[in-house]
Each structure stands twice: as C-alpha cells, then as structure tokens.
Amino acid sequence: MKARTRFAPSPTGELHIGGVRTALFSWLLARHTGGEFYVRIEDTDQDRYVPGATRRILEAFDWLGLTLDGGPDHEELQTMRTNEDYPGALDDGEYRGVPGPFVQSHRLPIYKHWAEWLIEHGYAYRANETPEELARMREEAQARKQTFVFREEMRLRTDVRPDEPHVIRMRVLPREGQTEINDLIKGRVVFDNSQIDDQVLLKADGFPTYHLAVVVDDHLQGVTHVLRGDDWLSSAPKHVLLYRYFGWQEPQWAHLPNVLGPDGKKLSKRHGAQSVFEFRDQGYIPEALVNFLALLGWAPGGGDEQNVFTVQELIEKFSMEGVGSSPAVFDYNKLDWLNGVHIRRLSDEEFAHRLEPFLARAGIPIDTPQRRELLRRIAPHIKERTKKLTDAAPLVDFFFGDIAVPPIEALVGPKMDAPASAHALQAALKLVEAFEPFDDQPLEQAMRQLCAELHLKPTQLFTIIRNAVTGKSVTPPLFATMAILGRETCRLRMRRALEALEQAALRHP
RNA sequence: GCCCCCAUCGUCUAGCGGUCCAGGACGCGGCCCUUUCAAGGCCGAAACACGGGUUCGAGUCCCGUUGGGGGCACCA
C-alpha cells in the first residue's frame, strides 16, 4: 500500500533533532511504499511565528537529503507573513497529486468552512469566555482537585452571535462513554470521553487551532499515515472524534516515542546540539545523522543485525513493524562512531570537498586549484582519522602553511638526548636531500635502513623526523606526509630543527 | 492532582511461550597489528526492574508495585 505522509512543523525556530527523526520515519515510510511525502507549514499561531524559520526548515530537508513531493513553492513562500523564499524550494507542478496550499495561513477559508459545518451539524458551538475567565475556572477545578474540562454548560454567555468575536469549540459527543484510538505503535488506547475537553477549534482571530487544521488538512491532502511525537497521543481522541463527525476515514496513527537526552529527560537545549544545523556545523554528515536517527527507535528485526545503513538500504528495509514503543536516549558516542564510518565510505574527492568549509573556518581557505589538489592528495591519509569534519584542520594545517620551530623536547627522540637526536636528524636530512625518487614507499625503506645503520628503533628516528617536519606528534602516516610536503619543505623544516637541536646540544653537552 | 504511554547489558536494540545459562552494535577493558594517532582483527566484563498469577514451560501473556516519560492552552 502506498503511504502518503507529511511533516508539519510550525515555523517557530530551528528544526529540532527529535522532529527530524519524526520526519525521517515519515519519509522512509513514504519512500518504502512508493508513496508521497510532503511538508506543510503550520503557522496558525501568530504570536510564535519566527521570520525565516520556514526557509531554514526547507534548507534542513535539503541538507539531509529528504526529498519532497509537495510543499510550499516560491510563490507561496513569498506571500507568507515575511518573505520566506528559499532557492531550493519547489516550483509549481511538482506535487504528485498532493493538493496545496502548503502553508496553513493560506488556507483560512477552508478551516472556517469546516468549523461552520460542524456547528450546522451539531458538533460544535460558539463561545467567548475570556482567557481570564477560563483561568479562573481552571483554578476552581484545581481547588476541587478535579481535571478541568471545558463543557458547553459552563459557558458564561450562551447568546454569542456569529458577528461578534468568539471561538468555536468542538462538542464532545457522546459525553459519557469512551473513545479509542488504534495506534500502529501503541496499539489500542482508550480514553474516557469525560476527560476530553471541548477543545477550541477556531480561535477568535480566525485562525484554526492545531486540532482542526491537522484533521482538515490531512484529510483533504490524502494523508494515509499520521506519524507524530508521543506527546500528541493524549489529544488524539479529539482528532478521532472529528474524523467521525466529518464522516471521513481515519488515517493510520503512529505516535513515536520521544527522544531523550543522556540524562533520560526529553531532549532539549540543555543537552548541547539540538538543531540540525548545529550538528552540521559540528562536523556531522547527513549520511551518518540519518543512519543514526533511523536506529533511534527502529531496528530491522527478524534477526537482521545490521547497524550501518545507506539511505537506500533504509528505504528498502524500513517498516512500521520495526518501530519500537519505548523512548530512546540520544547517544553521542554512537553518532560519532557512525559519522566516522560514513566518512570513511566517502570517496576521496567527496571527502575533500566536504572538508573545505570546515578548513576555511579554521583559517585554511581552500581557494586555489593548487590548494584543492593538495587537499585531494591528503584526503585518503586523514579519512580514517576523522570522526567529525571538524577534526581535520589540526591534521592538515602544516601542509598549508609554515610551522614554528618545534620546542626542543619534541625534537629529542624517545630515550635519547639532544646530541644523539641531532646526529640522527642530520643523517636523515642528508638522505632527504639526495634521495630519489621522493616517494612514500622507497623513502620509508631507505629510512628504515638508516635506522639499522644508526642502531635506532624506527620509533626513535621517526618521532624526531615527524616533529621536525610537521611540528606535531600526531600526524597522518609520516612518509606519505613527507612525499606530499615535498623535498624542499621537508629539507627546510628539518634543517631548522637540526639547528635548534645543535644549539641545545651545545648548551647541555 | 487527574489522564495516557513506556520498562532486556551504561546506551541503541534482537527476542513476537520451549532452540536464551539471552544475540548484535556503540562505549569500556585486554591482546594483536604498528613510526604517532587512527582504522582493523581477536578476546572479555556487562541486562530480562520487582511481586503475584496463567501455563507442563515466561524475557516473551495477564494483574499489581516501583521507576521513567508525556499530556491536562483561543501553542504546536
């Protein structure tokens, strides 16, 4: 069965990582079944609207590679409260049968129509208690240790006219009895109708609340599976009731368990990175993030113990049966590992390319063909050494600029003194000056032979050379590094190091 | 307070009544490889929250307890 799913964020800020997981599951379900996935912007709260948020949401989907079959196009974005146009937004005609508009503030007459329809058919009524009056009623209920549930009989005024400011509330029917929801993840969940509020459907400002808008839009847009956060479960019976009132067929419900932080609390800003872009800026790649998020609450099952997935594999193997019902803790350790795995799967070219913005940020602009080619040559040697793209800069900086003469402690080999180190470095320098060809393998062979001649262990000689040539004790493989650096640079740096070593030897003979 | 959800190694999970003295992955410890750091290979420690049922038999089904989480807006 082809699934049509949607992700419906409100433009109130950055796309949260928990929201991304919900979007991912919805997207995977749609792609797995050959159905459609689209984005709908739920901007019905005028107070919480954040300019630019919609743009950022679309950008996040782009970066993650979650393709859309529907969503706001350029024109619709431009006519939002603030101009939200995004270069990568959809053009007209790409909706594969999903009808727009995809921004709820552009659908106001539709909600109005269906709200009035409910009144006409006895499923809703007008009310106009002020926020203050409602707050007082809540306090009174609390004093009586009762759950506050607004009911028609509690209206302070029953003569609300259609032409005065008012809200439209749903009439929960029947008042007694129960309403149950059949959830793909939670199973059958039953609620007492007495616990269900006569929820406001249309606000006094003419905007719908989530409850009306989501039901109307999901139905009109042909949504087959509603995947959303766990926190919506308690209001789900209201939605079930609305479908029933309208006589529409319910979608399949799937309430995903929350994502928790390492402390077991719902993931929030306190836990560090929370928006997709923060992850991007911290050097995570979308392949890894998608893989990781998929595993947060989903497993292939059936004895399949695969952990590393490409997006294609996820699409093939994903199913709702594999989605678990318990909340999952976001484990940065595993994300880091997966990021390294997916980085290693990148081609050298691709890896080098993705490194560029991170190197630029670290003061290593890759702005010439020469520098780009240099990075490309280095790439295979640092790929398995970077877990996050931010790790690369300290591994490559000495390729792109001069280094300071290392401190003397770094130039003295393990279990050696300054004079012995100077002697060894001098021999190595001599070899570097004359050796041909100046390539990785032959150079290593020659240096190993030199070790034998000097009665030194490889680690002793190589440590001295490494520090002299790179200024660091942790580097990519030494001889590949030297070959890329080139004979002249190596010679220069070794000579400077040798001078420092000789002076030290004179001071402490 | 009321309502709802959840419960296997530290973490993500497999397990859909017997094949589980519970399997995989991350992390952790050890060994190997090794010029540093990684990557890789091998080995190891590590879990069915508790109490009642049901059953010939329960991690798997039911009930309760405890512990976590979520909801109770003219916010989504």
Side-chain angles (χ1 to χ4, degrees), chain A residues 8-10 12 42-45 47-48 127-131 134-135 138 141-142 144-150 165-169 183 185-187 189-192 194-197 199-205 207-211 213-214 228-237 255 257-258 260 262 264-266 292 295-308 321 324-338 340 344 382-387 391 395 444 447-448 451 457-463 465-467 470 472-479:
Chain A
S10 54
T12 51
E42 310 220 321
D43 60 341
T44 56
D45 185 343
D47 296 330
R48 296 204 306 154
N128 73 347
E129 282 61 41
T130 65
L134 288 168
R138 264 184 214 102
Q142 200 161 37
R144 289 193 309 265
K145 292 186 188 292
Q146 286 178 334
T147 307
F148 176 71
V149 174
F150 190 91
H166 65 279
V167 300
I168 295 179
R169 285 180 180 272
D183 191 273
I185 293 169
K186 309 288 184 186
V189 186
V190 182
F191 296 84
D192 281 335
S194 62
Q195 297 288 131
I196 305 173
D197 205 47
Q199 183 60 241
V200 171
L201 298 179
L202 204 67
K203 300 184 261 187
D205 62 3
F207 281 73
T209 59
Y210 170 84
H211 309 281
V214 75
R228 72 216 319 192
D230 213 333
D231 36 347
W232 287 111
L233 187 58
S234 48
S235 47
H255 289 90
N258 278 137
L260 275 25
K265 301 265 187 263
K266 191 175 170 184
F292 175 75
L295 254 24
L296 219 54
W298 173 84
D304 188 339
E305 286 173 336
Q306 185 174 352
N307 278 279
V308 180
E321 288 76 60
S325 55
S326 49
V329 175
F330 194 100
D331 180 9
Y332 286 87
N333 271 327
K334 193 160 187 176
L335 208 213
D336 285 357
W337 168 73
L338 269 174
R344 271 173 256 135
I382 62 166
K383 202 154 66 172
E384 67 199 25
R385 290 172 172 74
T386 95
K387 266 191 157 74
D391 296 342
L395 248 26
E444 176 169 353
M447 284 296 184
R448 284 187 186 281
C451 285
K457 289 182 175 171
T459 186
Q460 294 181 296
L461 211 217
F462 296 175
T463 297
I465 301 176
R466 169 176 299 106
N467 278 286
T470 69
K472 290 168 188 272
S473 54
V474 175
T475 69
L478 182 56
F479 301 105

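Throughout, a chain's letter reflects where its sequence line sits, starting with A, and its residues are numbered from 1. As a basis for the values below, the full set of heavy atoms in this structure was taken, side chains included, without hydrogen atoms, waters or symmetry mates.
- To the nearest whole angstrom, the two P atoms, one in B/C75 and one in B/U66, are 37 Å apart.
- Across all strands shown, the partner of B/C50 is B/G64, judged by Watson-Crick or G-U wobble contacts whose two distances both fall under 3.5 Å.
- When the P atom is compared between B/A22 and B/C9, the two are found 14 Å apart, to the nearest whole Å.
- Here A/R344 does not reach the OP1 or OP2 of B/A38: none of its side-chain N or O atoms lies under 4.0 Å away.
- Closest-nucleotide positions on RNA chain B for A/W298 and A/N333 were compared, and the one nearer the 5' end corresponds to A/W298.
- Rounded to whole Å, the C1' atom of B/G10 lies 31 Å from the corresponding atom of B/G18.
- Remark: the backbone N or O of A/H255 is paired with a side-chain donor or acceptor of A/D183 at under 3.5 angstrom.
- The separation of B/C63 from B/C72, taken at their C1' atoms, amounts to 27 Å, rounded to a whole angstrom.
- Remark: side-chain polar atoms of A/N467 are paired, donor with acceptor, to backbone N or O of A/T463 under 3.5 angstrom.
- Here A/T475 does not reach the OP1 or OP2 of B/A38: none of its side-chain N or O atoms lies under 4.0 Å away.
- One atom, NE2 of A/H255, and another, P of B/G70, lie 16 Å apart when rounded to the nearest Å.
- In this entry the distance linking NZ of A/K186 with P of B/C4 reads 14 Å, nearest Å.
- On the P atoms, B/G59 is 22 Å away from B/U65, given to the nearest whole Å.
- Note on A/R48 versus A/D43: no salt bridge recorded, every NZ/NE/NH1/NH2 to OD/OE distance being 4.0 Å or above.
- Not one side-chain nitrogen or oxygen of A/K334 sits closer than 4.0 Å to the OP1 or OP2 atom of B/U13.
- Summarising the geometry, the separation between CZ on A/R466 and C1' on B/C37 is reported as 8 Å, rounded to the nearest angstrom.
- In terms of phosphate contacts, A/K203 brings a side-chain nitrogen or oxygen within less than 4.0 Å of OP1 or OP2 of B/C75.
- Taking atom C1' in both B/A58 and B/C20, one finds a spacing of 12 Å when rounded to whole Å.
- The pairing partner recorded for B/G44 is B/C28, the criterion being a Watson-Crick or G-U wobble arrangement whose two distances lie under 3.5 angstrom.
- In terms of heavy-atom proximity, A/L338 sits nearest to A/N307 at CD2-O, 4.2 Å.
- In this structure, A/R228 places its CZ atom 14 Å from C1' of B/G70, rounding to the nearest Å.
- Taking for each of A/V167 and A/P327 the nucleotide of RNA chain B with the nearest heavy atom, the 5'-most of the two is the partner of A/P327.
- At least one side-chain nitrogen or oxygen of A/T44 sits closer than 4.0 Å to the OP1 or OP2 atom of B/A76.
- Ring orientation note: the planes of A/Y210 and A/W232 are close to parallel, at an angle under 30° on the 30°/60° scale.
- The two residues A/T44 and A/K203 come nearest to each other via the heavy atoms O-NZ, 2.9 Å.
- B/C75 atom P lies 13 Å from atom CG of A/D43, rounded to whole Å.
- Closest to the side chain of A/P131, out of B/U13, B/C74, B/A25, is B/C74.
- Rounded to whole Å, the C1' atom of B/G44 lies 14 Å from the corresponding atom of B/G27.
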Any N/O pairs under 3.5 Å between the protein and nucleotides 30-34 of chain B? List them or say none.
none

